[in-house]
Trainee: 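I have a structure here, written as C-alpha cells, and I will follow up with some questions on it.
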2 protein chains.
Amino acid sequence: MTQSKVDPRILRTRKLIMDAFIELSEKKEFKDITVKDITAEAMINRATFYYHFEDIYDLLDKSLSEVLLVNLNCDTYQNSELNEEVLISVFKVITNFQRSLSNRCHRGYEDTIARIIREQLEFIFYKMLLKQRPADDEQALKLTAVMLSWGIYGASVEWRRKGDEVQPETFIKSAVPYIISGIDSNSKING
Amino acid sequence: MTQSKVDPRILRTRKLIMDAFIELSEKKEFKDITVKDITAEAMINRATFYYHFEDIYDLLDKSLSEVLLVNLNCDTYQNSELNEEVLISVFKVITNFQRSLSNRCHRGYEDTIARIIREQLEFIFYKMLLKQRPADDEQALKLTAVMLSWGIYGASVEWRRKGDEVQPETFIKSAVPYIISGIDSNSKING
DNA sequence: GCTGATTTGTTGTTTATCCAACACATTTAA
DNA sequence: TTAAATGTGTTGGATAAACAACAAATCAGC
C-alpha cells in the first residue's frame, strides 16, 4: 500500500509542518496564518516547506485529510461490513470532526473542508464495498460510494443546520435503514 | 555569548533528542533507556545521536543542565543582586527540580545530578558576584561561588533528609542571614 | 564456559534540508 | 501615488542527517 522506503526525514518534516499548522490553527484563523509562521513554529526552512507542499492550501488539504483519516481509523472500517452500525459510527466521527474544526475558525473554507470529508468518505466506502461485493461492477460500486459520501456529508450539514438539537446518533438513525436496505438486502443487482 | 551562526537543523535535532529523552524518562528509569529508544522517539537516525552527544550520559548531563538553566531563568538572576530574596528563590527552584527528578526515577545517578546542579549554581552565582563586586579578586569570587553552590545544594539534601516536613522557604530562611551577612555587609575584604 | 541477540560506537556515501539570493505580488503608511 | 515592508514562490551550492555496513561490547539463556 504505502511505500516502505521513504526517507525518515521526509516523514519527520511533514509531521513537524502539520503539527505546527494544527498548533497555529488553534490560535489564529486560517487566513492569518503565513507560510513563515508555520516554518518558524516547525523549526524548518521556508524553502523546505515548498519541497513538501504546493502552497498553504495544499497543506490545509493534506492536514485535514490526514486528521480525518486517523479519526476514521481506516483499518478498522476496511475490515468490517458496511452496515447500520458502521454508518452511524462514521456519521458520529464526521459531526465530531466538524465541531472541532468550527472551534478552530476555518470560516471561508467550508468548500475545501466539505470536499476533503467527501473524498475520504468515498475512499473508505469504496474499499468496503469492494471487499463486500467483489463480483459487482467497479463503476457501480464507485458511484454508490460517491452517493453515500454525499449523503452522509449532507446529513451532517442538515444536522448542523438544526442547531445540534438531537444527538448525531439518533439523528442519523432515522434515515439509515432506508440506505442500508438498498445495500444490504437488495443484493440481486448484478448478482 | 552564544554563536550567532549555528545551523537550525542542529538546534532542532538537539531539541528533538532532548524532548524524546524527557518523554522517555517519564515512562522508564534511566538505566532502561537505550540510545535506540531515544532516536526512535525523536524520529532521527541513531548515527545522528552520536553526532551531537558522546553517549547517553552526555545527554543526561546536557539535558539536565538545560532544564535547570531554564528553571533558574538565568537572565533574571544575572541582572539582580545576590541577596536574601534571590537565595531563597534559587533554593525553591532547586528543591522543586529535585522533586520533579525523583518522580522520574533517576536512582543511581544522584552524583551526576548533584554535580550538574552545583555547576549551574556556581555559574550563576559567579556571574552575579562579578557584577556586584567587579573590583574584587576573581579567584576569591569564584571560590565564594563554589562554596555557595555546595552550601545551597547541601541544604537541599538536608531538606530532603528531613522528609519535606517544612516549606523550602521557611527551611532555608533560618540559615540565609548568616550567609548573606558575610556577603552583603562585611564588604571590607579586599576593599 | 558458549551462542545468539541486542546495544554501542564508527565510517563513507547519498540525500534532504539549509541558506542566500532572486523576481514578483500584496499590504501599509506616509 | 509612492515607497517601504512583508509575504510568496524558486534556484544553486553548502551541509547536517540518513543509511548501510562494520567491529566490539554487553546481556540473555543454555
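Below, read A as the first sequence line, B as the second, and so on, with proteins coming before strands; counting in each chain starts at 1. All values derive from a computational prediction rather than experimental measurement.
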Trainee: Applying side-chain hydrogen bond (donor to acceptor under 3.5 Å, both in side chains), name anything that partners A/Lys173, two or more places apart in sequence or on another chain.
Mentor: none
Trainee: Return the set of residues passing salt bridge (Lys or Arg N to Asp or Glu O under 4.0 Å) with B/Asp37 (not counting sequence neighbours), or none when no residue passes.
Mentor: B/Lys28
Trainee: With sequence neighbours excluded, what pairs up with A/Asp7 under the side-chain hydrogen bond (donor to acceptor under 3.5 Å, both in side chains) test?
Mentor: A/Arg9
Trainee: Can you give the first and last nucleotides of DNA chain D, 5' to 3', that have an atom under 4.0 Å from a heavy atom of chain B?
Mentor: D/dT15 to D/dC19
Trainee: Side chains of residues 44-51 of chain B: which donor-acceptor partners sit under 3.5 Å, not counting sequence neighbours?
Mentor:
unit_1: B/Asn45; atom_1: OD1; unit_2: B/Ala47; atom_2: N; d: 2.9

Trainee: Is it the case that over 12 heavy atoms from other parts of the model lie below 6.0 angstrom from the CD atom of A/Glu84?
Mentor: yes
Trainee: Under 3.5 Å, side chain of A/Thr13 to main-chain N/O of A/Ile10, donor-acceptor pair present?
Mentor: no
Trainee: Under the side-chain hydrogen bond (donor to acceptor under 3.5 Å, both in side chains) test, which residues partner B/Lys142, sequence neighbours left out?
Mentor: none
Trainee: Listed by chain and number, what are the salt bridge (Lys or Arg N to Asp or Glu O under 4.0 Å) partners of B/Glu85, not counting sequence neighbours?
Mentor: none
Trainee: Applying side-chain hydrogen bond (donor to acceptor under 3.5 Å, both in side chains), can you list everything that pairs with B/Glu138, at least two apart in sequence or on another chain?
Mentor: none
Trainee: Along nucleotides 7-17 of chain C, 5' to 3', which nucleotides get a B, which get an S, and which get a -, given that the test is a protein heavy-atom distance under 4.0 Å?
Mentor: SBBBB---BBB
Trainee: Identify all pairs in which a protein N or O lies below 3.5 Å from an N or O of nucleotides 23-28 of chain C, and state each distance.
Mentor:
none

Trainee: Taking only residues two or more places apart in sequence or in another chain, which ones pass salt bridge (Lys or Arg N to Asp or Glu O under 4.0 Å) with A/Lys15?
Mentor: A/Asp19
Trainee: Under 4.5 Å between any side-chain heavy atoms of B/Asp136 and B/Thr144, yes or no?
Mentor: no
Trainee: How many angstroms lie between atom CG of B/Leu121 and atom CD1 of B/Ile116, to the nearest 0.5 angstrom?
Mentor: 12.0 Å
Trainee: Bend angle of the helix from C/dG4-D/dC27 to C/dA30-D/dT1 from five-pair axes at both ends, rounded to 10°?
Mentor: 50°
